[in-house]
Amino acid sequence: MSIVKVTLPNNSVLEVESGATVLDAVKKIGPGLAKSAIAAIYNGKEMDLSRTLHEDGQLRVLTTQNPEAVEIIRHSTAHLMAMAVTELFPGTLLTIGPIIENGFYYDFDSPHKFSPDDFPAIEAKMRDFAKADLPVVRSEKPRSEAIAYYKDPAHREPYKVEMMEEWTDDSVSFYQQGPFGDLCRGPHVPSTGKLGHFKLLSVAGAYWRGDEKRPMLQRIYATAFTSKDDLEKHLFMLEEAKKRDHRKVGKELDYFHMEEGSPGMVFWHARGWKLYSTLMEYIRQKLSRRGYQEVRTPEVVEKNLYVKSGHVANYADLMFFTESENREFVIKPMNCPCHVEIFKQGIKSFRDLPVRLSEFGKCHRNELAGAIHGLMRVRGFTQDDAHIFCTVEQIADEVADFCKLLQEIYAEFGFTDIIVKLADRPEKRVGSDDAWDKAEAALSEACGRANLAYVMNKGDGAFYGPKLEFTLKDSLGRHWQCGTIQVDFNTADRLGAEYVASDGSKHAPVMLHRAVFGSLERFIAILIENFGGDLPMWMNPQQVRVLPVSEKTLEYSREVNRKLLDAGYLSEVDERNDKIGFKIREGEREKVPYLIILGEKEAQSGKITLRKRKTGDLGAFSLDEAMEKFKLEVSTKGG
RNA sequence: GCCAACGUAGCUCAGCUGGUAGAGCACCUGAUUUGUAAUCAGGCGGUCGUGGGUUCGACUCCUAUCGUUGGCACCA
């Protein structure tokens with residue numbers, strides 16, 4: 001028997017016989033470690049404790065103390081859940097059960113319709129199996145043998161067969177715990193006793209292999225942690241996130257509502273619309289300094305324009321149509337063809353480029369019922385849209401400038417967790433491959449120049465061109481595309497837009513479709529969730545509220561309020577006949593940045609008492625001092 | 001669009017196996033004149049999402065439909 005040298009993280013070297021298991025080596029380090037070990041990393045590869053060692057290497061033992069451990073725990077808990085489900089619901093077929101951010105899921109094909117009511121029974125079964133501390137045994141089989149095994153009616157698993165038939169590996173690995181076995185790469189915990197801190201979260205439908213033409217499976221989402229404490233912290237965090245939900249907060253703060261009769265359409269209330277208007281004005285100021293010209297185009301447009309642009313061919317099912325005098329119209333689903341129509345008015349020279357047309361264009365898209373989601377995904381929305389008509393040579397500068405603008409703006413809103421995705425050519429597209437090559441390269445180059453790291457989003461570009469997607473997260477960590485810039489060599493040409501080049505020849509301009517917020521609706525939803533409703537003073541539709549301690553100071557309160565309104569602040573008086581404690585509570589609950597408390601003390605001294613949201617009493621100020629404070633806070637976008 | 005769950009007063013929710021709807025908050029009225037997160041009392045308020053059906057009787061059961069939620073798919 002040859003000897004294998006195992007180097008530990010502290011550089012000490014352990015010698016074991018070749019063929020000894022990882023666990024044998026760990027036992028030599030110490031029995032305590034052997035007990036708490038759940039897997040190991042050997043020469044950079046995660047592996048089970050049962051694997052045998054045949055060559056020298058670096059060993060790191062993973063216990064619940066290591067951050068990597070939680071993924072193995074989750075993966076093994078997915079098997080535990082599948083075991084419980086197949087035990088409780090015979091006839092359930094297995095598919096896949098991967099880990100995801102903060103948890104895992106398992107997709108089943110089962111005659112039983114799973115519901116959250118089943119969770120307690122499944123969890124109880126999982127606990128039983130965990131308590132039984134069943135060894136998790138790895139084995140390998142030739143792939144052909146594994147396929148034959150799963151084709152056998154005794155252990156029929158057609159989804160596993162389908163997967164294996166597409167693989168090229170010669171052998172596949174299995175994990176067996178008690179009567180339950182699953183095809184899996186591993187690694188896994190050595191026995192089910194290592195598992196225990198888990199919770200089933202939800203059940204959802206999911207197409208097999210993400211393909212809507214294939215069967216719909218039943219997915220159970222769950223999570224697991226290495227400790228009870230971590231699990232509870234995570235569940236608490238989920239509860240807290242629900243409190244920031246823009247649908248809940250938006251209703252509480254009287255920003256907007258939606259109605260059953262007009263699904264996906266928003267009724268903006270006065271406060272919500274104030275916020276909306278503030279954001280539009282903010283963008284206007286940013287754009288006017290950068291050579292954009294704001295325009296306005298119709299919302300009902302002849303259908304033919306969108307036939308020529310290619311939108312009808314691609315999106316007819318998702319568009320609203322109308323007709324009048326035997327002519328067909330579309331309810332504008334996007335602004336670009338309309339902006340091309342403006343560009344086409346008059347003759348454009350290369351000297352005119354780039355032309356940057358912006359519009360708060362209201363668009364309607366007949367989104368599938370299941371896609372609608374609060375303000376995040378609606379059927380009627382407004383984009384901070386703009387189209388830059390430019391030459392091929394100008395693309396890189398324009399894209400890079402836009403990326404800078406977007407970064408500047410997102411920073412002012414406090415967004416740091418921005419995921420940039422480059423979505424390249426989809427299968428269904430218009431234009432030559434040559435044009436796509438150029439457009440994709442331009443985006444990639446611009447990212448380099450703007451110092452933006454991006455991830456590829458394969459095949460997810462628009463039909464007319466590739467795009468950069470600037471994604472923000474909601475309170476539950478779900479990704480939403482907000483900003484975007486798209487390079488389009490096709491639309492201007494299809495719609496017959498052209499400019500005269502220096503040599504007198506005519507060319508279609510390149511179009512850059514771009515938006516910073518994306519849809520105002522979605523951006524507002526993200527803002528609400530990220531701030532938990534505590535919007536900074538500069539954009540808050542309620543900036544100050546004056547609270548008279550009693551009716552005796554009502555007149556003084558109205559006077560102070562008048563001065564605040566004159567100075568341009570959004571202020572109001574809480575004139576209700578209630579105690580000051582109640583009014584403060586209401587003011588805090590409605591997330592008003594500043595409360596001004598006026599009792600007889602203030603009325604006599606001519607001062608005001610200021611209270612800052614979430615902070616509390618700030619003491620006495622003159623009104624002028626307070627307004628200086630407000631001015632600073634608004635101008636620095638603080639709070 | 002697909003899978004599942006849900007839909008009761010303005011809001012948050014209760015209503016067991018079918019016997020004919022209830023709480024808190026909000027709102028209104030009165031009292032209180034109030035000092036940093038809920039003053040007290042009284043009152044108003046629902047054809048239980050909608051349409052069918054079963055039943056002597058339906059908020060409760062069945063069915064269709066609309067909407068919402070969580071996912072999947074889609075997202076110009």
Side-chain angles (χ1 to χ4, degrees), chain A residues 105 107 113-118 201-221 242 245 247-248 251-252 254 257-264 306 309-315 317-319 333-337 363 365-374 376-378 383 423 426 428-430 460-465 467 469 476 478 480-481 484 486 488 491 513 518-519 522 547-554 577-589 595-602 609-619:
Chain A
Y105 64 78
D107 284 350
K113 300 289 179 204
F114 296 115
S115 97
D117 295 342
D118 298 321
L201 296 174
S202 63
V203 28
Y207 297 109
W208 168 232
R209 304 199 136 184
D211 183 346
E212 65 176 333
K213 290 177 191 71
R214 302 212 201 201
M216 170 130 316
L217 307 170
Q218 298 185 72
R219 174 173 298 179
I220 298 179
Y221 282 96
K242 279 186 199 151
D245 190 313
R247 292 166 295 197
K248 179 179 155 66
K251 185 186 281 178
E252 286 166 355
D254 196 18
H257 84 273
M258 296 171 95
E259 293 187 2
E260 197 173 313
S262 307
Y306 287 83
S309 71
H311 287 98
V312 170
N314 280 281
Y315 294 106
D317 289 350
L318 300 176
M319 287 167 68
M334 56 178 335
N335 307 303
C336 35
C363 296
R365 296 179 186 172
N366 198 4
E367 302 283 5
L368 294 172
I372 292 174
H373 182 99
M376 296 286 188
R377 190 83 177 269
V378 287
Q383 293 170 303
K428 209 174 159 190
R429 61 176 181 266
V430 297
D460 240 2
F463 72 87
Y464 51 70
K467 59 179 179 175
E469 302 173 328
L476 283 168
R478 293 175 289 211
W480 298 94
Q481 179 198 305
T484 183
Q486 313 173 354
D488 175 4
T491 304
H513 308 239
S519 109
R522 175 177 294 181
L547 314 182
V549 172
S550 78
E551 272 177 22
K552 291 174 188 161
T553 50
L554 188 52
N577 178 10
D578 275 296
K579 288 178 133 176
I580 193 66
F582 177 80
K583 293 180 188 176
I584 287 168
R585 180 183 148 82
E586 291 282 293
E588 289 278 351
R589 238 173 28 84
L595 301 177
I596 288 178
I597 289 128
L598 300 180
E600 295 191 77
K601 205 165 64 189
E602 288 81 6
T609 293
L610 207 51
R611 185 189 161 100
K612 190 175 167 67
R613 165 184 63 188
K614 294 171 91 176
T615 305
D617 193 355
L618 297 183

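Being a predicted model, the structure only gives us computed values, none of them experimental. Letters go in sequence order (proteins before strands), and every chain restarts at 1.
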Does any N or O donor sit under 3.5 Å from an N or O acceptor when you compare the side chain of A:R209 with the base of B:C72?
no

Do the charged groups of A:E586 and A:R589 touch, with an N to O distance under 4.0 Å?
yes

Choosing from B:C75, B:G70, B:U34, which nucleotide comes nearest the side chain of A:R377?
B:C75

Integer-rounded Å distance: B:G10 P and A:D254 CG
16 Å

Using whole Å, what does the distance between atom P of nucleotide B:C2 and atom CG of A:L368 come to?
10 Å

Give me the distance, rounded to whole Å, that separates B:A26 from B:C13 when you measure between the C1' atoms they each carry.
14 Å

How is A:K467 classified with respect to the nucleic acid when contacts are heavy atoms under 4.0 Å: base, sugar-phosphate, or nothing?
sugar-phosphate

From A:Y207 OH over to A:R214 CZ, what is the distance, rounded to the nearest 0.5 angstrom?
13.5 Å

Look at all strands and tell whether A:Q486 reaches a base, only sugar-phosphate, or nothing, counting heavy atoms closer than 4.0 Å.
sugar-phosphate

Identify the nucleotide, in any strand shown, that forms a Watson-Crick or G-U wobble pair with B:G24, with both distances under 3.5 Å; if there is none, say none.
B:C11

Starting at the 5' end of RNA chain B, which residue's closest nucleotide do you reach first, A:I372 or A:I597?
A:I597

A:R522 has a side chain; which of B:U33, B:C75, B:A5 sits nearest to it?
B:C75

Determine: side-chain N/O of A:R247 to OP1/OP2 of B:U69, distance under 4.0 Å, yes or no.
yes

Heavy-atom contacts under 4.0 Å between residues 580-589 of chain A and RNA chain B, which residues?
A:I580, A:G581, A:F582, A:I584, A:R585, A:E588

Rounding to an integer number of Å, can you tell me how far A:H257 NE2 sits from B:U68 C1'?
14 Å

Between A:H373 and B:U68, is there a contact of a side-chain N or O with OP1 or OP2 at under 4.0 Å?
no

Considering just the side-chain nitrogens and oxygens of A:K251, establish if one lies under 4.0 Å of OP1 or OP2 belonging to B:U12.
yes

Protein-nucleotide distance (A:D211, atom CG; B:C3, atom P), rounded to Å:
16 Å

What is the nucleic acid contact for A:P333, judged by heavy atoms within less than 4.0 Å: base, sugar-phosphate only, or nothing?
base

From CD1 of A:I220 over to P of B:C3, roughly how many Å is that when rounded to an integer?
18 Å

Who pairs with B:U54 - Watson-Crick or G-U, where each distance is under 3.5 Å:
none

Please work out if A:G310 contacts a base, only the sugar-phosphate, or nothing of the nucleic acid, heavy-atom cut-off 4.0 Å.
nothing

Distance, P atom - from B:A38 to B:A76, rounded to whole angstrom
49 Å

Does any N or O in the side chain of A:D118 come within less than 3.5 Å of the main-chain N or O of A:S115, such that one atom is a donor and the other an acceptor?
yes

Per nearest nucleotide of RNA chain B, the residue lying toward the 5' end, A:F463 or A:G374, is A:G374

Pairwise side-chain contact, A:E602 with A:I596, heavy-atom cut-off 4.5 Å (strictly under):
no

Distance between the P atoms of B:A64 and B:A5, in whole angstroms?
13 Å

Nearest-0.5 Å distance that lies between atom NZ in A:K583 and atom CG in A:D578:
6.5 Å

For B:A4 versus B:U47, give the span between their P atoms, rounded off to a whole number of Å.
32 Å

Could you tell me whether A:D211 and A:R209 make a salt bridge, using a distance below 4.0 angstrom between a side-chain N and a carboxylate O?
no

What's the gap between B:A73 and B:C3 when it is taken at their C1' atoms, as a whole Å value?
11 Å

Side-chain donor or acceptor of A:Y207 under 3.5 Å from a matching atom on the base of B:G71?
no

What interatomic distance, in whole Å, is found between C1' of B:U8 and the corresponding atom of B:U68?
15 Å

Can you tell me how far P in B:U17 sits from the matching atom in B:C6, rounded to whole Å?
13 Å

Any strand counts, and the cut-off is 3.5 Å on both contacts for Watson-Crick or G-U wobble. Which nucleotide pairs with B:C2?
B:G71

Would you mind telling me which of B:U36, B:G67, B:C72 lies closest to the side-chain atoms of A:E260?
B:G67

To the nearest 0.5 angstrom, please state how far the CG atom of A:L598 sits from the CG atom of A:L547.
8.0 Å

Keeping the roles fixed (side chain from A:R429, backbone from A:F463), state whether a donor-acceptor pair exists under 3.5 Å.
no

Out of B:A73, B:A76, B:U39, minimum distance to the side chain of A:K579 belongs to B:U39

Figure out the CG/C1' separation between A:D245 and B:G70, and round it to whole Å.
12 Å

Among B:G67, B:A73, B:U34, which nucleotide has an atom closest to any side-chain atom of A:A371?
B:A73

Whole angstrom is fine here: how far is it from OH in A:Y105 over to P in B:C72?
8 Å

Classify the side chain of A:E602 versus the base of B:G35 as yes if they form a donor-acceptor pair under 3.5 Å and no if they do not.
yes

Among B:C72, B:C75, B:G1, the one nearest A:Y221 by side-chain distance:
B:C72

Please round to the nearest 0.5 Å and tell me the distance separating atom NZ of A:K612 and atom CD of A:E588.
11.0 Å

If pairing requires Watson-Crick or G-U wobble contacts with both distances under 3.5 Å, which nucleotide is the partner of B:C40?
B:G30

Can a side chain N or O of A:K113 be found less than 4.0 Å away from OP1 or OP2 on B:C3?
no

Between B:U34, B:A76, B:A5, spot the one nearest the side chain of A:S115, thanks.
B:A5

Does the side chain of A:R478 come within less than 4.5 Å of A:M376's, by heavy atoms?
no

Please work out if A:L318 contacts a base, only the sugar-phosphate, or nothing of the nucleic acid, heavy-atom cut-off 4.0 Å.
base

Which is true for A:S309 with a 4.0 Å heavy-atom rule: it touches a base, it touches only sugar-phosphate, or it touches nothing?
nothing

How would you label the contact of A:D578 with the nucleic acid (heavy atoms, under 4.0 Å): base, sugar-phosphate, or nothing?
base

Touch check for A:N314, heavy atoms < 4.0 angstrom, all strands: base, sugar-phosphate only, or nothing?
nothing

Across all strands, who's sitting opposite B:C59 as a Watson-Crick or G-U wobble pair, both distances under 3.5 Å?
none

Establish, with yes or no, whether the OP1 or OP2 oxygen of B:G70 is under 4.0 angstrom from a side-chain nitrogen or oxygen of A:R478.
yes

Does the aromatic ring of A:Y315 sit over the six-membered base ring of B:A76, closer than 5.5 Å centre to centre and tilted less than 30°?
yes

Rounded to the Å, how far apart are A:Q218 CD and B:C2 C1'?
13 Å

Side-chain (A:R219) to main-chain (A:A204) donor-acceptor, under 3.5 angstrom
no

My understanding is that a pair needs two contacts under 3.5 Å, Watson-Crick or G-U wobble. By that rule, which nucleotide pairs with B:U65?
B:G49

Of the options B:C72, B:G1, B:A76, whose atoms approach the side-chain atoms of A:A369 most closely?
B:G1

Keeping the roles fixed (side chain from A:E367, backbone from A:L318), state whether a donor-acceptor pair exists under 3.5 Å.
no

With rounding to the closest Å, how many angstrom separate the C1' atoms on B:C74 and B:A9?
38 Å

